[in-house]
Structure formats: structure tokens, C-alpha cells
Amino acid sequence: MADLPRTIITYGTFDMFHIGHLRLFKRMRELADRVIVGVSTDEFNALKGKQALMPYAERHEIVEALKYVDLVIPESSWEQKVEDIHHHKVDVFVMGSDWRGEFDYLGDLCEVVYLDRTLGVSSTELRGALDKFVSSELDVANTLELLRAIHRGLN
């Protein structure tokens, strides 16, 4: 008997799209025939205390363009996961291993899988590196402005 088609779902902001995200979607495709990705809306991110670098429409468009993804839906609340699992007939719910245990309650509705994250890359690390870079650039700009002011004062 052939394996029945399976549907898999995950959620995220995907504001700093990187190789780890792509590998996540590829791994999801290996586990199921249909891949659904919930992209957090700007409003939901605000409720979570996050601000994405790109607006929802652009993040949605990027994820939707990937060959591993069949459907992109807006993630508007924590509670919608149960409804989405029923509505889309989801067989597998996937999140990164940093969320381990947080969504075990969905195990009554479908299989819950926590995948290991790609080593050496994460949106949090990229955001931190960007903050350091911007901070350094601002320090350099402020120092240059101070030197220019001192130079003008000496002339």
C-alpha cells in the first residue's frame, strides 16, 4: 500500500531569511507532500514584542516563492494553530528545537516534530551582528564628526 499524502506546517516571522530557513523548508518537504508556512503578521509580531525588518507582505512573498513551500498563510495569534491543523488537515507540526516542549499539546491533533536548527546561523545572531555593525558605524561617524569639529576649531 502506498503512503498517503501528508501535510506539514510551521510558523515564523522569517524577517531575516537565511540558509537555516531554506533548510527547514527542505527538510519539511522530505517529511511530507504538502508544506504550509504560517508567516507572522506585523500585528502579531507587535503583540509578541517583536518588530520585523520587512513588512508582512514582503516576507509572505519571499516564502511563497520557494519551491519547497505549497501554501503561505498569515499567523495572527498563538491560538490559531489548532484551527489551522484542523482546517488544513495537517499531519505534522514542525518547529525548531529551541521551541522543544512548547507545542507538545498539539500532539493530540497531529505529530509534533522539533527539528534541530542549522548550526552557526539564526535570525537572532544575525540581528545581533547587525546591531553591532550599525553601532560601530555610528561610533565611527560620530568620531569623524568630532574630529571635523576639532579641525575647524584649530583653523
Side-chain angles (χ1 to χ4, degrees), residues 1-140:
M1 182 173 160
D3 290 341
L4 295 174
R6 289 172 34 118
T7 298
I8 194 167
I9 195 167
T10 194
Y11 296 84
T13 298
F14 307 109
D15 63 335
M16 297 188 79
F17 197 84
H18 54 72
I19 193 67
H21 294 137
L22 185 63
R23 289 177 181 164
L24 167 67
F25 300 146
K26 184 177 181 182
R27 290 164 73 194
M28 290 172 66
R29 172 61 74 200
E30 292 168 357
L31 294 173
D33 305 294
R34 185 168 184 238
V35 174
I36 301 172
V37 178
V39 176
S40 300
T41 63
D42 297 331
E43 296 78 14
F44 184 45
N45 278 332
L47 290 174
K48 294 188 286 184
K50 293 176 70 175
Q51 182 176 359
L53 298 174
M54 295 181 287
Y56 168 79
E58 292 177 13
R59 294 180 286 114
H60 180 284
E61 188 175 343
I62 289 168
V63 174
E64 187 175 55
L66 300 171
K67 69 179 183 179
Y68 302 114
V69 176
D70 297 300
L71 177 65
V72 177
I73 60 174
E75 180 189 25
S76 305
S77 71
W78 293 111
E79 298 79 23
Q80 84 178 66
K81 289 169 181 60
V82 171
E83 181 181 324
D84 289 344
I85 289 168
H86 285 297
H87 179 76
H88 296 287
K89 298 177 176 44
V90 170
D91 301 293
V92 184
F93 174 90
V94 169
M95 287 300 280
S97 58
D98 54 329
W99 288 93
R100 191 171 309 282
E102 294 296 319
F103 298 102
D104 289 353
Y105 69 95
L106 297 173
D108 293 338
L109 305 172
C110 64
E111 181 182 356
V112 176
V113 175
Y114 298 99
L115 294 175
D116 290 335
R117 301 183 75 79
T118 301
L119 293 177
V121 65
S122 76
S123 297
T124 302
E125 290 172 4
L126 289 172
R127 194 173 289 108
L130 182 60
D131 286 346
K132 286 180 186 174
F133 176 76
V134 169
S135 177
S136 296
E137 289 291 308
L138 289 173
D139 289 344
V140 169

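Residue numbers start at 1 and run along the sequence shown. All values derive from a computational prediction rather than experimental measurement. All values below were derived from every heavy atom in this structure, side-chain atoms included, with hydrogens, water molecules and symmetry-related copies excluded.
- The existence of a salt bridge linking Asp116 and Arg27 is excluded, since no basic side-chain nitrogen approaches an acidic carboxylate oxygen closer than 4.0 Å.
- A donor-acceptor pair under 3.5 Å is absent between the side-chain atoms of Tyr11 and the main chain of Ser40, judged by distance alone.
- Under the 4.5 Å side-chain criterion, counting only non-hydrogen atoms from C-beta, Asp42 is in contact with Arg59.
- With rounding to the nearest 0.5 Å, the separation of NE2 in His60 from CE in Met54 is 13.0 Å.
- Note: Thr7 OG1 to Leu31 CG = 12.5 Å, rounded to the nearest 0.5 Å.
- With a 4.5 Å cut-off on side-chain heavy atoms, Thr13 and Lys48 count as touching.
- Listed for the Asp70 side chain is a donor-acceptor partner under 3.5 Å among the backbone atoms of Val35.
- Between Leu53 and Asp15 the shortest heavy-atom distance is N-OD2, 3.5 Å.
- From Arg29, atom CZ reaches atom CD1 of Ile8 across 9.5 Å, with rounding to the nearest 0.5 Å.
- Residue His21 holds its NE2 atom at 11.0 Å from CG of Leu66, rounded to the nearest 0.5 Å.
- Looking at Met95 and Thr10, their side chains come closer than 4.5 Å, going by heavy atoms from C-beta outward.
- Heavy-atom minimum distance, Leu22 versus Phe17: N-CZ, 3.8 Å.
- Looking at every heavy atom in both residues, Trp78 comes nearest to Trp99 through CH2-CH2, 3.8 Å.
- Among all heavy-atom pairs drawn from Tyr105 and Val82, the shortest one is CE1-CG2, 4.3 Å.
- In this structure, Tyr56 and Thr41 approach most closely via the heavy-atom pair CD1-CA, 3.7 Å.
- Considering CG of Leu109 and CD of Glu83, their distance stands at 12.0 Å, rounded to 0.5 Å.
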**Prompt:** Does the side chain to side chain contact (heavy atoms under 4.5 Å, CB included) test come out yes or no for Val72 and Glu64, once each step is laid out?
**Reply:** CA-CA 6 Å; Val72 177; Glu64 187 175 55; 3.9 Å; yes
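- Asp33 places a side-chain N or O within donor-acceptor distance of the main-chain N or O of Arg6, the cut-off being under 3.5 Å.
- Just one residue in the list His86, Lys81, Gln80 forms a side-chain hydrogen bond (donor to acceptor under 3.5 Å, both in side chains) with Asp84, and that residue is Gln80.
- Phe25 is listed as a side-chain neighbour of Phe14, based on a closest heavy-atom distance under 4.5 Å.
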**Prompt:** Under the side chain to side chain contact (heavy atoms under 4.5 Å, CB included) criterion, do Val94 and Leu24 qualify, and how do the steps go?
**Reply:** CA-CA 9 Å; Val94 169; Leu24 167 67; 3.9 Å; yes
**Message:** Assess the residue pair Val39 and Phe44 against the criterion (side chain to side chain contact (heavy atoms under 4.5 Å, CB included)); give the C-alpha distance rounded to whole Å, side-chain angles, the decisive distance to 0.1 Å, and a yes or no.
**Reply:** CA-CA 10 Å; Val39 176; Phe44 184 45; over 6 Å; no
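- Distance alone, capped at 3.5 Å, places no donor-acceptor pair between the His88 side chain and the Val90 backbone.
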